[in-house]
Amino acid sequence: MTAGEAPIPGGAARGLGVRIAPWLAPLALVILWEVLSRLQIIPKSLLPSPVEVLVAASNATRSGDLPAHLGVSALRAAGGLVVGAAVGLALGLGTGLSRPLQLVIDGPLQMLRAIPALALVPLVILWFGLGEAAKLFIVAITVLFPVYLNTFHGVRSVDPQLIEMARVYDVRGFALYREVIFPGALPSILVGLRFALGLSWLVLIVAETLGASQGLGYVAMNAREFMQMDLLVLTIVLWAILGKLADSLARWLERRLLPWQPPLQRLEAR
């Protein structure tokens, strides 16, 4: 806004409304959940009330158990995400830029993509045992494919006229990839990263069944065994919150890495 322009009436209110709107439905759902619990329409033996879940969260936090388990799960998700995304990015760039490499690699990758993570668990135990390597592998192999597919699609979707123009200006070799191809593919790569961030938490429950003694998956399994419904629901709520935070991280990365992109084309508008 320039010095001579007047502020847009209601602009601040609209901005506040945009920030609040995504939280209205979850808040209404929690209020309805609490009311139905207090009216005993929802039995506490099947689903504890939000207040009971908050009390369980407070107790677990004060004892130090919840932060410890949450930290372990976060490290596992981040480690698997970094490894899987790095491999997926490299494979996507390679197959997107090289037709022979695509013919050799893409077919086997599409076959592997169709295999559920649960089907790999027995093999992963034989290969890596029950240590951290097995859990990281499960997360990494799951997040690899969305990053690979979106990177490949992004590279192939770069405008050929931009590449031709860059070559006219003698931009070739690595500089061509750095200045033209990678920035052109970056929006699609970030979409793949957004899916990968969500999947890293989604598949963590599978990874943390492999002989884990820490992590949110372990807490959920333990709560199920001892019928601690408040803790079980707490882990589900935490996964939902972590998924939302992962999505927010993807949007923040897009704003930082794609400042030239029109706002309506960003992830937050989708």
Side-chain angles (χ1 to χ4, degrees), residues 23 26-27 29-34 36-38 42-85 116-125 127-143 194-250:
W23 299 99
L27 180 60
L29 183 61
V30 170
I31 293 173
L32 178 63
W33 174 12
E34 179 66 28
L36 293 177
S37 296
R38 288 182 180 273
I42 299 179
K44 293 185 178 181
S45 59
L46 295 180
L47 186 65
S49 69
V51 171
E52 291 175 313
V53 174
L54 284 175
V55 170
S58 176
N59 293 336
T61 302
R62 284 203 304 268
S63 68
D65 291 340
L66 185 60
H69 289 298
L70 186 58
V72 169
S73 290
L75 287 175
R76 287 170 178 160
L81 176 68
V82 169
V83 174
L118 281 172
L120 293 174
V121 169
L123 276 178
V124 171
I125 293 175
W127 293 343
F128 302 105
L130 296 176
E132 292 299 314
K135 301 170 183 59
L136 291 177
F137 180 84
I138 290 290
V139 177
I141 198 66
T142 302
V143 305
R194 185 186 192 184
F195 282 112
L197 282 165
L199 286 173
S200 64
W201 287 106
L202 185 65
V203 77
L204 198 60
I205 181 63
V206 177
E208 290 184 337
T209 60
L210 304 181
S213 59
Q214 286 182 305
L216 290 180
Y218 166 76
V219 174
M221 293 302 205
N222 205 42
R224 185 196 66 182
E225 293 292 329
F226 292 97
M227 292 299 293
Q228 296 173 306
M229 297 299 296
D230 51 356
L231 277 179
L232 183 58
V233 173
L234 175 60
T235 58
I236 295 172
V237 171
L238 284 174
W239 269 309
I241 294 172
L242 290 168
K244 175 62 177 176
L245 291 176
D247 191 68
S248 299
L249 176 60

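Bear in mind the structure is a predicted one, so any value in this text is a computation, not a measurement.
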Test side chain to side chain contact (heavy atoms under 4.5 Å, CB included), reference V53, set V30, L231, L47, L234, output is L234
Less than 4.5 Å apart, any side-chain heavy atom of [X] and any of [Y]?
| X | Y | value |
| --- | --- | --- |
| L232 | M227 | no |
| L120 | I141 | yes |
| L197 | L81 | yes |
| V143 | V83 | no |
| V121 | V124 | no |
| L216 | L242 | yes |
| F128 | I138 | no |
| S73 | W201 | yes |

Calculate, to the nearest 0.5 Å, the distance between atoms [atom1] and [atom2] belonging to [X] and [Y] respectively.
| X | Y | atom1 | atom2 | answer |
| --- | --- | --- | --- | --- |
| L204 | K135 | CG | NZ | 10.0 Å |
| L66 | T61 | CG | OG1 | 4.5 Å |
| T235 | L70 | OG1 | CG | 11.5 Å |

Side chain to side chain contact (heavy atoms under 4.5 Å, CB included) evaluation trace for V219 with Q214: CA-CA 7 Å; V219 174; Q214 286 182 305; over 6 Å; no
Does the plane of the ring in W127 sit parallel, tilted or perpendicular to the ring in F137? Use 30° and 60° as the thresholds. perpendicular
How close do [X] and [Y] get, heavy atom to heavy atom, and via which atoms?
| X | Y | answer |
| --- | --- | --- |
| A134 | G129 | CB-O, 3.5 Å |
| S49 | W33 | CA-NE1, 4.0 Å |
| H69 | G215 | ND1-N, 3.0 Å |
| D230 | A56 | OD2-CB, 3.7 Å |

Q: Would you mind listing every salt bridge (Lys or Arg N to Asp or Glu O under 4.0 Å) that reaches into residues 69-80, with sequence neighbours excluded?
A: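 Residue pairs passing salt bridge (Lys or Arg N to Asp or Glu O under 4.0 Å), neighbours aside: R76-E132, R76-E208.
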_Main chain of K244, side chain of S248: is a donor-acceptor contact present, judged purely on distance under 3.5 Å?_
yes
Tell me if a side-chain donor or acceptor on N222 pairs with a main-chain N or O of Y218 at a distance below 3.5 Å. no
